[in-house]
Structure formats: structure tokens, C-alpha cells
S.K.: 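Starting off with a structure, shown below.
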Amino acid sequence: MSEHKRTPALAAAALAFCALAAGNVLGEQANRERYPDAKIDPAKGVEGDVGFSDTIQYWRTEADLERNAGMADKPDEQWKLNGKHMDLDRIDLHPGHMAVDEGAALVKKLAARDAAFLTCLGEGTADLKGKAAAYPKFDAALGRIVTVEGRIEHCAKSVLGEEIPQGKPANTKISVYFKSLSAGVPIKVDIGDGKVMEAYRRGEQSFYARTGQLNMACASCHVPGSIMGHKLRGETPTTPFGDTAHFPTYRTPVGALESIQERFARCHNQMRTQKLKPGDPAYTDLEVFMTVLSNGYPVSVPSAR
Amino acid sequence: MKRTLRMLAAVLTGLTFAGMAGAQGAPAPQAPPDYSVFPCLSYTQACGKVATRPPVKKALDGPLNGNPEKGKQLAQARNRGNCLACHVIPGGSQPGTRGPDLSHFGSSGRSDAEAYAMVFDMRTVNPETLMPPFGTNDILNEQELRDVVAYLLTFR
């Protein structure tokens with residue numbers, strides 16, 4: 001009898017082993033649980049939200065936002081505005097605007113030491129207008145994916161020998177200034193670039209990977225059927241589409257500027273997952289994935305959330 | 001105008017909180033918890049290669065012997081069980097709405113052992129569950145699990 005009992009257990013173990021081996025052949029982490037794939041099409045950009053959260057109808061344009069402004073005051077509806085209603089507040093008072101001025105002053109000061117700092121930021125010209133909308137991008141000379149914050153860190157170091165690391169206030173302020181010069185320009189991450197797509201696919205893997213003590217993935221809160229649109233105590237997680245457009249942002253609950261990768265780290269803390277440093281290759285790939293999901297949506301910096 | 005006021009209020013609140021943290025003096029520096037024994041996204045650190053702990057179907061050993069009062073604290077505390085993040089629980093404020101309402105869980109006919117196994121690791125019931133495996137991932141210890149289950153079973 002006991003022999004009989006053991007056989008299925010052995011068979012199950014053998015099967016599990018085969019599954020593991022097969023997973024490894026595919027180059028996947030077979031031993032890492034994943035949230036089910038939501039099958040996002042990168043070619044659709046921000047329009048991928050149609051049939052996903054379907055909230056884009058409320059926040060796609062300023063006219064949509066104006067029409068649906070009343071939803072901001074309804075606790076069950078506000079999440080459908082995806083925070084975009086806050087971008088209509090064009091008052092000069094919030095610290096996001098102050099960061100633009102501070103970032104501009106920093107760039108001026110650094111460029112005074114060596115004008116090459118500015119032409120490094122602008123990849124050959126001193127004119128930064130509209131350029132941030134094409135980030136993250138693959139930089140062939142550097143041989144890696146570069147975000148706006150990564151470009152700032154690189155130029156400070158290579159031109160001035162100065163450390164302005166990603167995630168530090170000086171870097172974030174310069175980023176806010178840099179991106180504000182693209183405000184209103186539709187985001188266009190180049191998905192025709194094979195290296196960008198490789199990063200997108202790695203970022204996508206990370207989006208669905210369950211991590212940490214709570215065994216949650218980004219997707220656990222940000223795809224249909226997950227916690228998205230449901231109350232998670234005080235908060236209601238929103239769609240990932242269009243999200244990176246307003247970063248770096250001034251976070252009112254934190255009282256500080258926050259880059260998208262610092263936001264990833266704060267999420268990871270909430271998910272009881274080992275957080276990574278801004279600029280970590282895994283976070284950079286995640287930013288690529290997230291920003292492709294904003295393709296076609298205008299850069300919305302400065303902002304407050 | 002209304003929007004502007006709302007934004008101003010939000011900004012001021014943010015500043016107030018930021019200010020408060022400073023005014024209260026530096027809070028005792030707490031060592032950040034170490035989550036690196038669990039999977040992370042790094043391509044290079046060890047946690048990037050850590051496996052998900054497989055689901056554990058845990059049998060309840062002996063009588064439940066839980067303390068519902070302690071269970072209540074655990075279920076509501078954000079840094080512990082935080083069951084309220086996803087569930088409506090009697091008397092809890094700002095409940096989450098993704099998980100089923102647990103207000104009458106004690107009348108659902110579940111035995112102590114069934115309820116315990118669910119909280120220990122819900123993946124044994126639903127492999128794709130959103131509920132964290134409280135026992136398997138050491139979020140709650142053995143006695144804490146029993147306390148939380150005893151608390152759940154008081155909801156009639």
C-alpha cells in the first residue's frame with residue numbers, strides 16, 4: 001500500500017523536474033512564479049489601454065479630462081482619470097515647477113564650466129527641445145540603453161568628472177528641466193530598434209515576475225483582473241498606460257521629487273521586495289517597458305501627484 | 001480655481017508631513033528589513049536567482065488555540081497581516097475590495113484546519129491567487145497564523 005502511495009509522488013517529482021529543465025532550455029526562470037500575461041502589444045503604445053483598463057477614454061485628451069473633471073471628486077471613479085486630471089493644474093506654485101527653474105540653473109552652472117556638458121546632453125547640439133520624448137533609447141556609442149537620468153549622469157561624469165547619480169536630487173531636477181523642454185511632445189520610444197525591443201522584453205518579464213515576501217508582481221496591481229481599479233486600503237491602483245509621461249514628478253504624499261525608478265523602488269518596498277538603485281539595468285529595462293506603454297502620449301513634466 | 005485650491009492643499013499637506021518628520025527629531029534609525037532571501041528583479045544580485053517558495057499545503061497540528069484579540073491587531077496592522085488591504089473585515093477602516101468580504105467568514109462552514117491552510121498558503125486553493133502566502137513566506141509565525149484564523153472565525 002505504501003509503495004503505491006509513493007509512486008505518484010515520485011512521478012510528480014519527475015514531472016516537476018522535467019518542467020524545470022524545459023524552462024531552463026527556454027532561458028526562463030522556471031522556478032519563479034509569474035502573474036498571467038496580459039498580452040500587451042507594444043506597437044499600440046498608449047492606445048493599448050483600449051480593451052485593457054479602458055480608462056483612456058476619460059484621460060486621452062484635455063477635452064476628455066475637462067468633460068470628466070467631476071470624476072475627480074468621486075472616490076470610486078477617480079482612479080479612472082489615471083491622475084491625469086492633476087496635469088490640468090497649470091499653476092506655478094507646486095514644487096514641480098520650482099524644480100524646472102532649479103534644474104535650469106544647475107545646467108547653466110555646469111555648462112559654464114564646460115559647454116560640452118550641454119552638447120553631451122543634446123547629443124551634438126545645445127538645443128534640448130523635444131529630445132526627451134525619444135527616451136529611453138539605445139546609445140550605440142555607449143552600447144547600452146540610456147534614460148534621461150542616465151544621460152545626465154553620464155554627461156556629468158564624462159565631461160566634468162562629476163558624480164550626479166540617478167536618483168539624487170540634482171539629477172532629478174535636471175531631468176525635470178530636460179523633460180519640461182519636451183512638454184506636450186508625444187513620447188516616441190523607438191520600438192523599431194532591436195536593442196530597445198530586447199530591453200522591452202526583459203522589462204516585460206520583470207513586470208510579470210512575482211517577487212518578495214508578498215509574492216506579488218507589478219502586474220498583480222496593474223492589469224485587468226488584478227487589484228487594478230480595486231481599493232487597496234487608501235489607494236486604487238491604475239493602468240500602467242500613459243504613466244511614465246509625468247515622471248519625474250513632485251509627490252505630494254512624500255513631499256519630494258521622485259523619478260520613475262525611485263517610484264519602482266518605493267513600490268518594491270511596499271511589496272516587501274529587495275529594491276534596486278535607480279539606474280540599475282533591471283529598472284532601466286522596466287522603464288523602457290513602461291515608457292513604450294506611454295508612446296503617443298505627451299510628455300507631461302513638470303507635474304505633481 | 002477649485003482645482004488650484006485642491007492642488008495647493010495637497011502640496012501644503014505634503015510639506016506639512018515632510019516638515020513633521022524633521023520637527024519630531026530624527027526617528028531612531030531602523031535597520032531596513034532584509035527581503036533579499038526572496039526573489040528580486042536584479043540581474044546580478046543573489047536575490048535575482050532566488051526561486052519562489054513552492055506552495056505548501058499545511059495541516060493544522062493539534063487544536064487551533066488562537067487568540068482572536070491578537071489576531072485582530074495582526075489583521076489590521078499595515079506592516080503585519082494587513083488583511084484589510086484586500087478584504088472587508090468587521091470594524092476595519094478603509095478596507096480593500098479585491099478579496100472576498102470576510103464579514104461572515106465564521107458562518108461559511110470552513111473548519112479550523114481549512115481556514116488555517118488558506119491563510120498559510122492560498123496558492124494551494126488557487127495557484128494564481130493574489131493573496132500572499134502568509135505561512136510559507138514567514139509573514140506571520142505559527143502562533144500569529146493561529147491568532148488570525150481564530151479572529152476570522154469569530155465573524156458570524
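Chain letters run A, B, ... following the sequence lines, proteins first and then strands; every chain starts at 1.
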S.K.: Return the minimal non-hydrogen interatomic distance between A:Ser206 and A:Leu286, and the atom names on each side.
M.R.: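 Residues A:Ser206 and A:Leu286, closest heavy atoms: CB-CD1, 4.1 Å.
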S.K.: Is A:Asp64 salt-bridged to A:Arg67, going by a charged N under 4.0 Å from an acidic O?
M.R.: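 Yes, charged N to carboxylate O under 4.0 Å.
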S.K.: Between B:Gly99, B:Pro132, B:Pro133, B:Pro127, who has the most heavy-atom pairs with chain A when the cutoff is under 4.5 Å?
M.R.: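 Of B:Gly99, B:Pro132, B:Pro133, B:Pro127, B:Pro132 has the most heavy-atom pairs under 4.5 Å with chain A.
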S.K.: Return the option, out of B:Thr52, B:Val37, B:Thr44, with the maximum number of heavy-atom pairs under 4.5 Å with chain A.
M.R.: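 Of the candidates given, the most pairs with chain A belong to B:Thr52.
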S.K.: At what distance, to the nearest 0.5 angstrom, does OG1 of A:Thr236 lie from CD1 of A:Ile227?
M.R.: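 Separation between the atoms: 11.0 Å.
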S.K.: Under 4.5 Å from any heavy atom of chain B, what part of A:Phe264 do you find: side chain, backbone, both or neither?
M.R.: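 Neither part; nothing is under 4.5 Å.
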S.K.: Side chain, backbone, both or neither: which part of A:Leu276 has a non-hydrogen atom closer than 4.5 Å to chain B?
M.R.: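 It is the side chain, since no backbone atom gets that close.
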S.K.: Flag yes if more than 12 heavy atoms outside B:Lys72 fall under 6.0 Å of its NZ atom; otherwise flag no.
M.R.: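 Not more than 12 within 6.0 Å, no.
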S.K.: Look at the side chain of A:His246 and the backbone N and O of A:Pro302, then say whether any donor-acceptor pair between them is shorter than 3.5 Å.
M.R.: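 Checking the backbone N and O of A:Pro302 against the side chain of A:His246, no donor-acceptor pair under 3.5 Å is found.
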S.K.: Chain A contacts: which residues in residues 137-156 of chain B have a non-hydrogen atom closer than 4.5 Å to it?
M.R.: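 When heavy atoms of chain A are the reference, residues 137-156 of chain B contributes B:Asn137, B:Asp138, B:Ile139 within the under-4.5 Å range.
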S.K.: Give me the ring orientation class for A:Phe289 and A:Tyr208: parallel if the planes are under 30° apart, tilted from 30 to 60°, perpendicular past 60°.
M.R.: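 The rings of A:Phe289 and A:Tyr208 stand perpendicular, inter-plane angle above 60°.
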S.K.: Checking B:Thr136 against B:Asp121 for the side-chain hydrogen bond (donor to acceptor under 3.5 Å, both in side chains) test, could you report, in this order, the C-alpha distance in whole Å, the side-chain angles of both residues, the deciding distance, and whether it holds?
M.R.: CA-CA 6 Å; B:Thr136 304; B:Asp121 198 333; 2.7 Å; yes
S.K.: Which bit of A:Pro36 is near chain B, if near means a heavy-atom gap under 4.5 Å: side chain, backbone, both or neither?
M.R.: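 It is the side chain, since no backbone atom gets that close.
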S.K.: Out of B:Gln45, B:Arg98, B:Arg53, B:Glu128, return the one with the most heavy atom pairs under 4.5 angstrom to chain A.
M.R.: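 Of the candidates given, the most pairs with chain A belong to B:Arg98.
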S.K.: Are the sulfur (SG) atoms of B:Cys40 and B:Cys47 separated by under 2.5 Å?
M.R.: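 Cystine link detected, SG atoms below the 2.5 Å cut.
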S.K.: Could you look at B:Arg78 and say if it's the side chain, the backbone, both or neither that has a heavy atom under 4.5 Å from chain A?
M.R.: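 Both parts, backbone and side chain.
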S.K.: Distance-only, no hydrogens or angles: does the B:His87 side chain make a donor-acceptor pair with backbone N or O of B:Pro100 under 3.5 Å?
M.R.: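 At least one qualifying donor-acceptor pair exists.
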S.K.: In this structure, are over 12 heavy atoms from other groups packed under 6.0 Å from A:Lys84 atom NZ?
M.R.: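 Yes, the 6.0 Å shell around NZ holds more than 12 heavy atoms from other groups.
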S.K.: Under a 4.5 Å heavy-atom cutoff, which of A:Gly234, A:Gly229, A:Cys221 has the most pairs with chain B?
M.R.: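 Highest number of heavy-atom pairs under 4.5 Å: A:Gly234.
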